[in-house]
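Below you'll find the structure, written out as structure tokens, and then a few comments.
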Amino acid sequence: MELFVRGLSHRYGDLLVLDSIDLDVREGEILVVIGPSGCGKSTLLGILGGIVPHGGEAVRIAGEPPPGCLNPVSFVFQDFSLLPWRSVEDNVGLVLEHQRMPTGERRERVEDCLRRMGLLEFRKALPKQLSGGMRQRVGIARALATRPAILLLDEPLSALDAQTRDLLMEDFLDLWKRDRTTAVYVTHNLNEALRLADRVVVLTRRPGRIRDIVKVGLPREDRAGAAGQAFLAEVHDRLWELIKAEARIADREIVDA
Amino acid sequence: MPDTTEAPRPMTRPAPQPAAQAPASASRPVRFRGGGFVAEPRRWAALLAFVIAIAAWEASGRLRLVSPLFLPPPSAILLALQGLVADGSLARNLAASLMRIGVGWTLGTAAGVLVGFAMGIWSIARAIGLPAVSALFPIPKIALLPLFILWLGIGEASKFATIGLGVFFPTVIATYSAVDGVPRNLIRMGQSFNMPWLDVLRKVVLPGAMPGILAGFRISASIALILVVSAEMIGADYGIGAFVLNAGNLMLTDQLLAGVLVLSLLGLAIGTALSLLEKTLLKWR
């Protein structure tokens with residue numbers, strides 16, 4: 001499935017946070033959105049996923065969902081958003097409970113997702129018993145349980161330490177290779193963007209406008225080697241040039257709480 | 001010790017070196033300065049203080065330092081309590097009080113949870129409910145008992161109404177705050193997975209609000225206990241409150257304090273029951 005954004009602007013009261021965004025999210029790509037703090041990245045993702053109210057028809061979805069898809073657009077949240085009173089398997093199963101499906105199939109789906117995320121042995125654990133990385137694995141498993149056509153990931157690794165981030169990124173890419181689910185991935189982290197993205201959307205500081213869309217242009221499997229790293233360093237410098245000045249100004253702005 | 005070392009690549013494990021000694025003249029041990037400000041359990045202290053207080057009380061009675069008419073010793077209170085158990089008056093009065101607390105608390109709490117939930121969920125209910133609760137909550141509910149007696153008669157209904165109204169407002173406030181405090185991100189999560197409204201309410205909001213609701217139960221239970229005693233002192237033949245008042249009128253201080261002891265045990269029992277409920281419902285915390 002694909003997403004199309006045309007002329008999207010968004011205000012919180014008098015505050016314009018997104019301005020005239022035009023964007024296509026193509027089938028099977030990972031589109032990474034970066035930009036300075038407060039530029040409206042998460043708001044954009046919320047509008048794409050229908051959880052931030054937006055009156056217009058600026059966002060449209062096209063195409064047929066894959067077989068077994070129960071929620072075409074599914075989220076992975078920055079803060080994991082797990083129910084602390086539910087076990088790992090019940091958190092994953094939560095999103096299937098209101099779907100009409102045989103209990104056996106529901107159980108199989110949950111088990112499959114837990115297996116894919118390496119969570120089977122932790123199925124009875126409560127979220128508080130897990131590390132941050134394992135909690136986000138539950139968050140990803142929950143999103144995968146609905147077999148989404150489009151995954152929206154809102155800074156999914158930003159609450160984790162650097163090592164866990166690397167591990168989880170590898171796991172996410174391994175998973176992604178199987179289904180090649182279309183994904184929009186919001187992050188602050190340029191290295192995440194370079195590791196994951198097909199294209200990187202760079203937003204300006206508030207109000208967020210599209211500054212540029214940079215194609216990474218190197219297959220993901222070639223990004224780890226020395227030649228790939230040299231290539232990515234150039235893309236990194238280009239991205240950094242695009243956001244550096246904006247990020248510096250955004251950092252010095254007074255936050256209007 | 002050198003400031004920098006080259007990373008060695010030994011073929012064999014090097015022999016362990018003794019720890020280098022710090023020069024004694026130029027150095028001093030680092031003093032620990034992070035002590036205090038830490039709560040440590042001292043269970044024996046509470047028990048000891050309790051035993052000492054009871055012993056001192058008993059001694060003051062036996063040594064006639066205090067007249068038993070004003071403050072009978074603990075042994076006399078226990079004897080009086082034994083008599084009340086034996087002649088069945090404790091059971092009769094306790095049953096009357098428990099029935100009033102049970103009915104009044106259940107009615108007031110059920111209504112309070114419903115209204116508090118509505119205020120937490122619907123903006124219109126909140127807009128109407130918040131000013132109304134703020135205006136009515138401070139009224140001492142026992143002051144309304146004469147009005148309830150006029151409306152509902154001197155029987156049980158006026159006591160149920162007093163207790164019910166007394167626990168209603170704290171329950172509304174506790175439930176409303178608890179529902180309002182359920183993290184919005186969890187609700188958004190449910191909505192992002194297309195969970196129906198009722199499912200979000202049942203599976204996200206209700207369990208998320210449960211700690212706050214149960215904390216409200218604890219407060220409302222103690223209010224119910226205060227109100228039942230007050231209501232029984234104003235107009236009842238039976239009940240622990242009426243018993244304590246009658247004992248006071250007859251200067252039977254040992255029976256009066258036996259009644260007070262029963263009330264404190266009742267409060268303790270309710271608190272323990274609520275703790276068990278919390279342990280069962282909030283195992284995840």
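Here is how names work: the chains are called A, B, and so on, in the same order as the sequence lines, proteins then strands, and each is numbered from 1.
Residues forming a side-chain hydrogen bond (donor to acceptor under 3.5 Å, both in side chains) with A/Q78 (at least two apart in sequence, or on another chain): A/S158. With sequence neighbours left out, A/K124 forms a salt bridge (Lys or Arg N to Asp or Glu O under 4.0 Å) with A/E89. Residues passing the side chain to side chain contact (heavy atoms under 4.5 Å, CB included) test with A/R147 are A/R109, sequence neighbours excluded.
Partner of B/M189 under the side-chain contact (heavy atoms from CB on, under 4.5 Å) criterion, chosen from A/L83, A/D79, A/N91: A/L83.
Shown here for A/P84 and B/L186, the closest heavy-atom pair between the two residues is CD-CD1, 4.4 Å. Minimum interatomic distance between B/F193 and A/S74 (heavy atoms only, all atoms of both residues): CE2-OG, 3.7 Å. The minimum heavy-atom distance linking B/S192 with A/F75 is given by the pair CB-CD1, 3.6 Å.
With a threshold of 4.5 angstrom between heavy atoms, A/R142 approaches chain B through its backbone and through its side chain. Of the atoms belonging to B/D199, it is side-chain heavy atoms, and not backbone ones, that fall under 4.5 Å from chain A. The contact between A/L82 and chain B is made entirely by backbone atoms, counting heavy-atom distances below 4.5 Å.
Atom CD1 of B/I124 has 12 or fewer neighbouring heavy atoms from other residues, nucleotides or ligands inside a 6.0 Å radius. Within 6.0 Å of CZ on B/R184 lie more than 12 heavy atoms contributed by other residues, nucleotides or ligands. With a 6.0 Å radius and a threshold of 12 heavy atoms from other residues, nucleotides or ligands, B/W197 has its CH2 atom above the threshold. Counted within 6.0 Å of CZ on A/R107, heavy atoms from surrounding residues, nucleotides or ligands total 12 or fewer; the atom is thus considered open.
Considering only heavy-atom pairs separated by less than 4.5 Å from chain B, the leading option among A/L126, A/V95, A/L96, A/T146 is A/V95.
Here B/Q191 contributes atom CD and A/I51 contributes atom CD1; the two are 8.0 Å apart, rounded to the nearest 0.5 Å. Separation of atoms CD (A/E97) and CE (B/M195) is listed at 7.0 Å; rounding is to 0.5 Å. Atoms NZ and CH2, on A/K128 and B/W284 in that order, are 9.0 Å from each other to the nearest 0.5 Å.
By a heavy-atom distance cut of under 4.5 Å, B/K203, B/V204, B/P207, B/G208 are the residues of residues 200-214 of chain B near chain A, going up by number.
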